[in-house]
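What follows is a short report on a single structure.
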Amino acid sequence: MVRVRFAPSPTGPLHIGGVRTALYNYLFAKKNNGIFILRIEDTDQNRFVAGAEEYILESLEWCGIKFDEGVHVGGKYGPYKQSLRANIYAEYINILIKNDKAYYAFETSEELNDLRKEHESRGETFQYGINNRKKLKNSLTLSSSEVSNLLNSGHPYVIRFKVPENKEIIINDIIRGEIRVKSEIIDDKILFKSDGLPTYHLANIVDDHLMDITHVIRGEEWLPSLPLHVLLYEAFEWEMPEFAHLPLILRPDGNGKLSKRDGDRLGFSVYPITWKDPKSGEIYRGFREDGYYPEAFVNMLALLGWNPGDDKEIMSMHEMIEAFDLKHVHKAGARFDPVKAQWFNHVYLQSRDIKLVAEEFKNELTKHGIDITIEKAEYISEMMRERVNFVKEMVTEAMFFFKAPEELDMKAIKKWGTEKSLEWINDIIEKFKEMTTFESTIIDEVMNKYVKEKELKAGNFYNTIRICLVGTSKGPHLSKIMEYIGREETISRLEMGKRYF
RNA sequence: GGCCCAUUCGUCUAGACGGCCUAGGACGCCAGGUUUUCAUCCUGGAAAUCGGGGGUUCGAAUCCCCCAUGGGUCACCA
């Protein structure tokens, strides 16, 4: 049985890289009829951010990523929050101590900082590990009575992993293949902090083991600590899960990975939903609030570093599950492209149930103080949606349905208007007044007949009229606009437009 | 700086066993067509000598080596 987990720490909002990691875990689990688990890794109480956990839950729910086990849904392997598992880690660290795989160390963080600085000034890098642990203040160098004295006196201590000497660690990553590292370069990492809580490395390995995780799928930033994790599994004599390290998502411009500020700087979201920093009060925009459909967002995100093995790009969650394979995850980092992201939403908007689009459009209009019936909203949505990427864009694009243009586009008038324009406007106003029903198809008949009789160039005539109604030479079929705004308003706008020609 | 990872059109990518690749698709861009306008849509085009240099081979984007570049990571953070 495949069991995978997404294990974020609640230190802030989840950015799209994190969402993608969750998504790939989810797709992999579902593809293999496995279990998907949410575990909260909150062993660092200093970095706790209020609302972050709720944010993660809400974001993933919006994306349609569901968990089988986890903090919010329960399960047999709980608790799923590491701060609630402190006693478990204590138990396992003692096993390591007992088996001489870990040791107590008594340097304070200040002392360590000094050591680092000192080494740095000599152009060296300080490493607490195989090469110098025999020279430092720890249970490897101190006598057992000295150690128990320190421990009993309440002197702060940490527990460090005792990296085995002269070992080459060979790991097989599903995405990257074989990776080799020598144990000499690995630090004796702190496994247990002086506050009595484990660090990520210990908690992560213990939990993955206890929760029967079969595949660890996580970001590439974890690759450097993979050898340590492998060594930990060996120290515990546990069977290892398989590993897959995902490439990073890079910023659209310049260098480096996508970060918090990029979105605001470049004008797009890097977060799935809006996040308000509880401390600073700063607000970071989200894809949801930008108007993206979750289906489009998820589809776009999935293809940022993965492909189904063919040319298919538009895929439902179900189709992605069917096609998902870690072998098709690209190895190199992917540069996020906001323009293509918009295209995905455009495609989803076109195939969406028009009733839903109408409802969304109606809601957007309400925000702008415009209230129309759902039928009218559908009428407009039908002809406007193909011109935009987001429903909210329809509001500005369709404003002429609700308000007469304040001024007319002089460039358009120059291009389409003629010395006869004024005459046409007057003539057509008269024709409109004579009509019994002011309905789109009949309006077309009347106008077409006029154009034929007068032998006009269609473009000049229709755009003269259009500019009066819309303000410029664009928009959906003219008679549809006229029918919507009605005869009175149509004539009024034509009268108003006359002074421009 | 040490260690690790990566490197195909501007961007996302195809490229599982070397020959089907004079490198395919998508976004974007450009042109033409459709449209009474704009957009959509359709058709076409420009766009990667596969980071560079050496090998191996009858043959390499695909295998090997070196170099360069980019990235990640080196916390009592995850």
Side-chain angles (χ1 to χ4, degrees), chain A residues 7-11 41-44 46-47 82 105 107-109 112-113 116 120 123-127 156-160 173 175-176 179-182 184-187 189-195 197-201 203-204 218-227 245 247-248 250 252 255-257 300 303-314 327-328 330-344 346 350 383-388 397 412 415-416 444 447-448 451 456-467 470 472-479:
Chain A
S9 64
T11 54
E41 308 218 326
D42 57 347
T43 51
D44 183 9
N46 298 323
R47 293 214 307 158
Q82 290 187 329
E107 289 83 6
T108 63
S109 4
L112 289 171
N113 272 338
R116 278 191 203 100
E120 207 174 303
E124 294 168 19
T125 326
F126 173 72
Q127 194 186 11
Y157 68 91
V158 298
I159 299 172
R160 286 180 181 272
D173 184 279
I175 295 168
R176 275 146 227 286
I179 297 162
R180 290 162 176 269
V181 180
K182 290 192 174 60
E184 274 64 31
I185 64 111
I186 303 170
D187 289 13
K189 281 272 186 249
I190 293 175
L191 262 22
F192 226 73
K193 301 178 283 181
S194 55
D195 64 2
L197 285 171
T199 58
Y200 170 84
H201 304 294
N204 190 264
R218 77 233 291 198
E220 192 188 316
E221 68 268 26
W222 291 109
L223 210 45
S225 42
L226 178 58
H245 288 84
L248 266 14
L250 277 14
N255 304 324
K257 63 172 174 178
M300 176 277 293
L303 257 32
L304 214 52
W306 169 79
N307 72 83
D310 57 31
D311 287 342
K312 202 156 187 211
E313 289 205 287
I314 300 300
K327 292 249 157 39
H328 277 116
H330 203 242
K331 287 187 176 105
R335 215 172 277 264
F336 172 64
D337 181 2
V339 177
K340 187 149 187 181
Q342 293 181 353
W343 172 78
F344 272 99
H346 175 84
Q350 306 319 310
M383 57 183 134
M384 291 304 288
R385 71 159 153 192
E386 65 195 23
R387 336 171 72 85
V388 297
E397 290 295 308
K415 182 173 179 192
W416 297 105
D444 273 334
M447 292 196 294
N448 288 339
V451 168
L456 304 180
K457 271 200 164 165
N460 290 313
F461 170 75
Y462 284 107
N463 278 302
T464 294
I465 306 302
R466 174 180 295 277
I467 290 164
V470 175
T472 186
S473 60
K474 62 176 194 179
H477 199 74
L478 246 189
S479 62

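Every chain is numbered from 1 and lettered A, B, ... according to where its sequence line falls, protein lines coming before strand lines.
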For B:A16, measure the glycosidic angle (O4'-C1'-N9-C4 for a purine, O4'-C1'-N1-C2 for a pyrimidine) and name it syn if it falls within 90° of 0, otherwise anti.
syn
Minimum heavy-atom separation for A:Asp42 and A:Gln82, please, with both atom names.
OD1-N, 3.3 Å
Could you tell me how far B:A31 sits from B:A39 if I compare only their P atoms? Round to whole Å.
11 Å
Once rounded to the nearest 0.5 Å, what's the spacing between atom CD1 of A:Ile465 and atom CG of A:Asn460?
11.5 Å
Spell out protein contact along nucleotides 72-78 of chain B as letters: B when the base is contacted, S when just the sugar-phosphate is, - when no protein heavy atom is under 4.0 Å; keep the 5' to 3' order.
BS-SBBB
For B:A46, give the paired nucleotide (Watson-Crick: N1-N3 plus N6-O4 or O6-N4; G-U: N1-O2 and O6-N3; both under 3.5 Å), or none.
none
Atom CZ in A:Arg385, atom NE2 in A:His346: separation rounded to 0.5 Å?
10.0 Å
Using atom C1' of each nucleotide, how far apart are B:C50 and B:C21 to the nearest Å?
10 Å
Rounded to whole angstrom, note down the C1' distance from B:C20 over to B:G59.
14 Å
Determine which nucleotide pairs with B:C41, using a 3.5 Å limit on both distances of a Watson-Crick or G-U wobble pair.
B:G33
I'd like the P distance from B:C74 over to B:A14, given in whole Å.
29 Å
Who does B:A61 pair with, Watson-Crick or G-U, both distances under 3.5 Å?
none
Is there side-chain contact between A:Pro338 and A:Met300, with heavy atoms separated by less than 4.5 Å?
no
Distance between the C1' atoms of B:G54 and B:A16, in whole angstroms?
27 Å
Mind checking A:Gly459 for me? I need base, sugar-phosphate or nothing, with any heavy atom below 4.0 Å counting as a touch.
sugar-phosphate
A:Gln127 (side chain) donor-acceptor with A:Ile185 (main chain) under 3.5 angstrom
yes
Does some side-chain heavy atom of A:His328 sit less than 4.5 Å from a side-chain heavy atom of A:Pro308?
no
Interatomic distance, A:Asp444 CG vs B:U37 P [rounded to whole Å]:
13 Å
Residues A:Phe344 and A:Glu313: closest non-hydrogen pair is CE2-O, 3.6 Å
Nearest-angstrom distance from the residue atom CH2 of A:Trp343 to P of B:C29
14 Å
Heavy-atom protein contacts under 4.0 Å, nucleotides 11-24 of chain B, coded B base, S sugar-phosphate only, - none
SSSSS---------
Just so I know, are the side chains of A:Leu223 and A:Arg176 near enough to count as touching, which here means a heavy-atom distance under 4.5 Å?
yes
Touch class at under 4.0 angstrom, heavy-atom based, for A:Arg466 against every strand present
base
Rounded to the nearest angstrom, tell me the gap between atom CE in A:Met383 and atom P in B:C41.
19 Å
Check the distance between B:G25's P and A:Phe344's CZ and give it to me in whole angstrom.
17 Å
With a non-hydrogen cut-off below 4.0 angstrom, is A:Ile179 in contact with a base, only sugar-phosphate, or nothing?
sugar-phosphate
Atom CD of A:Glu386 to atom C1' of B:U37: distance rounded to whole Å?
14 Å
For A:Met447 and A:Ala341, find the nucleotide of RNA chain B closest to each by heavy atoms; which residue's nucleotide sits nearer the 5' end?
A:Ala341
Whole Å only: how far is the NZ atom of A:Lys474 from the P atom of B:U40?
11 Å
Strand partner of B:A23, provided both Watson-Crick or wobble distances fall under 3.5 Å
none
Using the C1' atom as the point on both nucleotides, what is the distance between B:C29 and B:C17, in whole Å?
38 Å
Could you state the atom-to-atom distance from CG of A:Asp173 to P of B:C5 in whole Å?
10 Å
Would you kindly give the CD-to-C1' distance between A:Gln127 and B:C3, to the nearest whole Å?
10 Å
Does B:G72 have a Watson-Crick or wobble mate here (both distances under 3.5 Å), and if so which one?
B:C3
I'd like the C1' distance from B:G10 over to B:U22, given in whole Å.
23 Å
Answer whether the closest heavy-atom distance between the side chains of A:Lys415 and A:Ser473 falls below 4.5 Å.
no
Is there a side-chain contact between A:His245 and A:Leu226 (heavy atoms, below 4.5 Å)?
yes
With heavy-atom distances below 4.5 Å as the criterion, would you say the side chains of A:Asp44 and A:Lys193 are in contact?
yes
Spacing of the P atoms in B:G24 and B:G19 (rounded, Å)
16 Å
